[in-house]
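The structure appears right after this line, and notes come after that.
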Amino acid sequence: MRRKVAIYWPGEYVSAPNELARPQVEESTRQMEKALKTLGMNPYRVGDFIDRPHKGIEMLGNIDDPMIGIHCHWVWGSHVVDGVVGKDNPLLLASNFNRKWPGLVGMLNTCACLESVDRPYSRIWTDAADWSENDEFMARLEEWATTGRIHYPEDDLSFSAPISPAAHEIALKTAEDIRRRRIMMMMLGDTSQGMVNSYFGTRLLTKYGFTENKVDQAWVIEWGKNVSEARIDAALQFVKEKGVTFHWEEEELDGGDFREEHTREQLRDYLAVLDMANEFKADCMGWQFQIGLLGLRPASDFAEGLLNSQCRPEGNGDTIVCATEADQGNAMPAELLKRLLKGKGLNQSVFMHDTRWAGEHDGRTVWMLCNSGNGGAYAYNHNPDSLEGVHSYRQVRRKFKIPGGTFAGYALPGEITWARTFLKNGELWMDIGRGEVVDIPEGKRQEWWNGATPQWPLITAYLGVERDTIMAHYMSNHIALCYGDVFEEMVALSQELGFKVRIFGQNA
């Protein structure tokens, strides 16, 4: 491989997060430059943050040298895809491993984006203070510098599992129900954050038992005009009586400008979307919010949390699976898990989160699954008729200028099944695993939570494999999980519907 290496900086569309992360990115770039020079490589930097699609095309499109992207915070995968697709020069995605500046989130998302468009790449990560003193990191970097690829062990991956007759029967019945009536996914906008990997479209969805009905997000505002104040009054009374703790006007939480009126507007949006779901007979949905409504409405988190809860205003006892950021790669497994849970007589709630960071606890890798607020209430109380344990904090001001509340809490321990859909070689795959929500000691929990985003909900979970298996092979920054063991049912149903199946953890 040639000795020159181009280093670029992927970024967000919003400029403020890029600038906040600049010291982290610059330090990580210095660390990478030092490591490359140790191996006899000649690194050079390419411009500044790639935070628009045209920048990816202009800054990366004419580079034939090997390239390394430095991931130190959230990034838009599409900006890089636009610049490197169709090229075959060696590409390495490198991330730090940090709670506060989670480059691993951006890296995992970008890996999946590139995989979905068949663009070869490699990935590397480290939590070392001095990258060049991390022997494992340096060995991997040398492999890439020598061969243009990094290969990781696949010992904890498999592609089939034993299925019991009982599990197979539930899976077949669920598949028959889906074939009788294809699953309708209502899409409130396309995916946000440049997640090329998270939108499949009707041409793919229909092959696997789903279809979509696209609805412009402007309809949230339009339909909200027809939501009466009486319905909002009743909804607010409901969530108060069912146990939500609202942190209105608390000065220590981003200035105290979050008030009851903002929750009322979030409930307006919830009721408007509920009306749309009823109108279009939607089984599940994806809600983009972060693009288009960000400067117009309070955050969608509280509404999404209610949709994913059985206990909700004007509810019928069921959840309505709502994938945050309109991520079809989470909506698909979440809806299938929900149906299997109901078929097995377990609680139907499914939760969708970011793989934010992982630490060690009791000799195992425990992941911080921390998304801005669309997990349902069942995780916090294990009571389908309650909203106890839900806290609504002001969504972080850095990005959400209009005050609005999250749907936060700390998940209770219990066994879990998890899954994720991704696109590879023109086919949909289903990653599936077993795991456990772990109750870590309060001191460590608060340290982790405060080191990330304490306004957001938190699940601390062991995913059945150690950290490097997820980092080396997982195809998203998002994950769908549920309480209870429907692992065999999920493998059987996914295979029956035509998904390729990949299992994490020795047949789990």
Side-chain angles (χ1 to χ4, degrees), residues 112-118 154 157-187 191 195-214 281-286 321 323 326-344 348 350 352 417-434 473-476 478-482 485-505 507-508:
C113 290
L114 294 169
E115 194 75 36
S116 72
V117 296
D118 305 322
E154 297 184 356
L157 302 178
S158 58
F159 303 93
S160 64
I163 307 297
S164 70
H168 193 250
E169 183 179 353
I170 292 173
L172 284 180
K173 184 181 184 307
T174 305
E176 289 169 3
D177 291 342
I178 292 170
R179 291 183 178 120
R180 278 194 294 269
R181 185 187 183 280
R182 195 181 304 277
I183 296 170
M184 173 61 71
M185 185 188 305
M186 185 174 75
M187 293 292 291
T191 56
M195 295 188 297
V196 177
N197 61 302
S198 296
Y199 178 71
F200 309 131
T202 301
R203 291 177 182 85
L204 269 176
L205 290 174
T206 53
K207 295 180 181 180
Y208 301 90
F210 287 75
T211 191
E212 66 176 1
N213 175 37
K214 284 190 175 182
K281 301 297 187 289
D283 299 295
C284 58
M285 68 179 71
V321 165
D327 183 351
Q328 293 184 337
N330 255 21
M332 293 182 83
E335 179 65 24
L336 298 182
L337 286 169
K338 172 186 172 180
R339 292 177 179 227
L340 292 172
L341 290 163
K342 294 180 71 174
K344 200 171 181 178
Q348 64 180 263
V350 184
M352 289 155 277
T417 306
W418 61 266
R420 169 71 193 182
T421 304
F422 68 96
L423 176 61
K424 178 179 181 178
N425 296 329
E427 296 181 290
L428 292 186
W429 286 68
M430 189 72 76
D431 280 342
I432 308 172
R434 281 191 179 104
H473 301 290
Y474 194 55
M475 287 295 177
S476 180
H478 287 167
I479 188 170
L481 65 146
C482 63
D485 183 2
V486 288
F487 169 80
E488 292 181 18
E489 291 83 356
M490 188 62 174
V491 172
L493 176 59
S494 298
Q495 291 172 333
E496 180 67 20
L497 293 176
F499 292 91
K500 301 286 187 181
V501 169
R502 185 172 66 161
I503 296 165
F504 280 66
N507 286 322

**Message:** Going by the rule salt bridge (charged side-chain N to carboxylate O under 4.0 Å, His left out), which residues pair with R179 if we only count those two or more places apart in sequence or in a different chain?
**Reply:** E496
**Asked** Closest approach of G209 and R182, non-hydrogen atoms and distance?
**Response** O-CG, 3.2 Å
**Prompt:** How long is the gap from NZ on K500 to OG on S494, to the nearest 0.5 Å?
**Reply:** 13.0 Å
**Request:** For R339, check salt bridge (charged side-chain N to carboxylate O under 4.0 Å, His left out) against everything at least two apart and list the hits.
**Result:** D283, E335
**Request:** Check side chain to side chain contact (heavy atoms under 4.5 Å, CB included) between A112 and all other residues, then give those that pass, not counting sequence neighbours.
**Result:** N197, M475
**Message:** As an exercise, state the distance from CG of L481 to CE of M352, rounded to the nearest 0.5 Å.
**Reply:** 9.0 Å
**Partner set under side chain to side chain donor-acceptor pair (under 3.5 Å) for Y208, not counting sequence neighbours** = none
Donor-acceptor list for residues 163-173 side chains, cut-off 3.5 Å, not counting sequence neighbours:
residue: S164; atom: OG; partner: A167; partner atom: N; Å: 3.1
residue: S164; atom: OG; partner: E488; partner atom: OE1; Å: 3.2
residue: K173; atom: NZ; partner: D177; partner atom: OD2; Å: 3.4

**Prompt:** Do any N or O atoms from the side chain of T417 and from the backbone of V486 form a donor-acceptor pair under 3.5 angstrom?
**Reply:** yes
**Sequence-distant partners of T211, side chain to side chain donor-acceptor pair (under 3.5 Å), two or more places apart** = none
**Fill in**
Those residues at least two apart in sequence (or on a different chain) that pass salt bridge (charged side-chain N to carboxylate O under 4.0 Å, His left out) with K342 are D318
**Asked** How about F504 and L157: do any of their side-chain heavy atoms sit closer than 4.5 Å?
**Response** yes
**Prompt:** Is M195 close to S476 at the side-chain level, that is, under 4.5 Å between some pair of heavy atoms?
**Reply:** no
**Request:** Could I get the full list of salt bridge (charged side-chain N to carboxylate O under 4.0 Å, His left out) partners for K424, not counting sequence neighbours?
**Result:** none
**Complete:** The side chain to side chain donor-acceptor pair (under 3.5 Å) partners of K344 (sequence neighbours excluded) come to E489
**Complete:** Nearest heavy-atom approach of L204 to G426 is CD2-O, 3.7 Å
**Message:** Are I178 and L336 packed together at the side-chain level, in the sense that at least one heavy-atom pair is separated by less than 4.5 angstrom?
**Reply:** yes
**Item:** Test item: S116 side-chain N/O and C113 main-chain N/O as donor-acceptor pair under 3.5 Å
**Value:** yes
**Asked** In chain order, what residues pass the ring pair (Phe, Tyr, Trp, His ring centres under 6.0 Å) check against Y474, with sequence neighbours excluded?
**Response** W418
**For E212 against K214, the heavy-atom pair lying closest together** = OE2-CE, 3.6 Å
**Asked** Do you know the tightest heavy-atom contact between L205 and M185?
**Response** CD2-CE, 4.4 Å
**Message:** If I take atom CZ from residue F422 and atom CZ from residue F200, how far apart are they, to the nearest 0.5 angstrom?
**Reply:** 9.5 Å
**Request:** Could you give me the CA-CA distance, side-chain angles and deciding distance for Q328 and M187, then say whether side chain to side chain contact (heavy atoms under 4.5 Å, CB included) is met?
**Result:** CA-CA 9 Å; Q328 293 184 337; M187 293 292 291; 3.4 Å; yes
**Message:** Quick check for you: to the nearest 0.5 Å, what is the distance between T191 atom OG1 and N330 atom CG?
**Reply:** 12.0 Å
**Request:** For L428 and L423, run side chain to side chain contact (heavy atoms under 4.5 Å, CB included): C-alpha distance rounded to whole Å, both residues' side-chain angles, the deciding distance at 0.1 Å, then the answer.
**Result:** CA-CA 5 Å; L428 292 186; L423 176 61; 4.0 Å; yes
**Message:** Among residues at least two apart in sequence or on other chains, which ones pass side chain to side chain donor-acceptor pair (under 3.5 Å) with S198?
**Reply:** D327, R420
**Request:** Measure the spacing between CG of D485 and CG of L341 and express it to the nearest 0.5 Å.
**Result:** 10.0 Å
**Request:** Taking all non-hydrogen atoms of both residues into account, name the closest pair between M332 and F210 and its distance.
**Result:** CE-CD1, 3.5 Å
**Request:** Search all heavy atoms of A480 against all heavy atoms of V350 and return the closest pair with its distance.
**Result:** CB-CG1, 4.3 Å
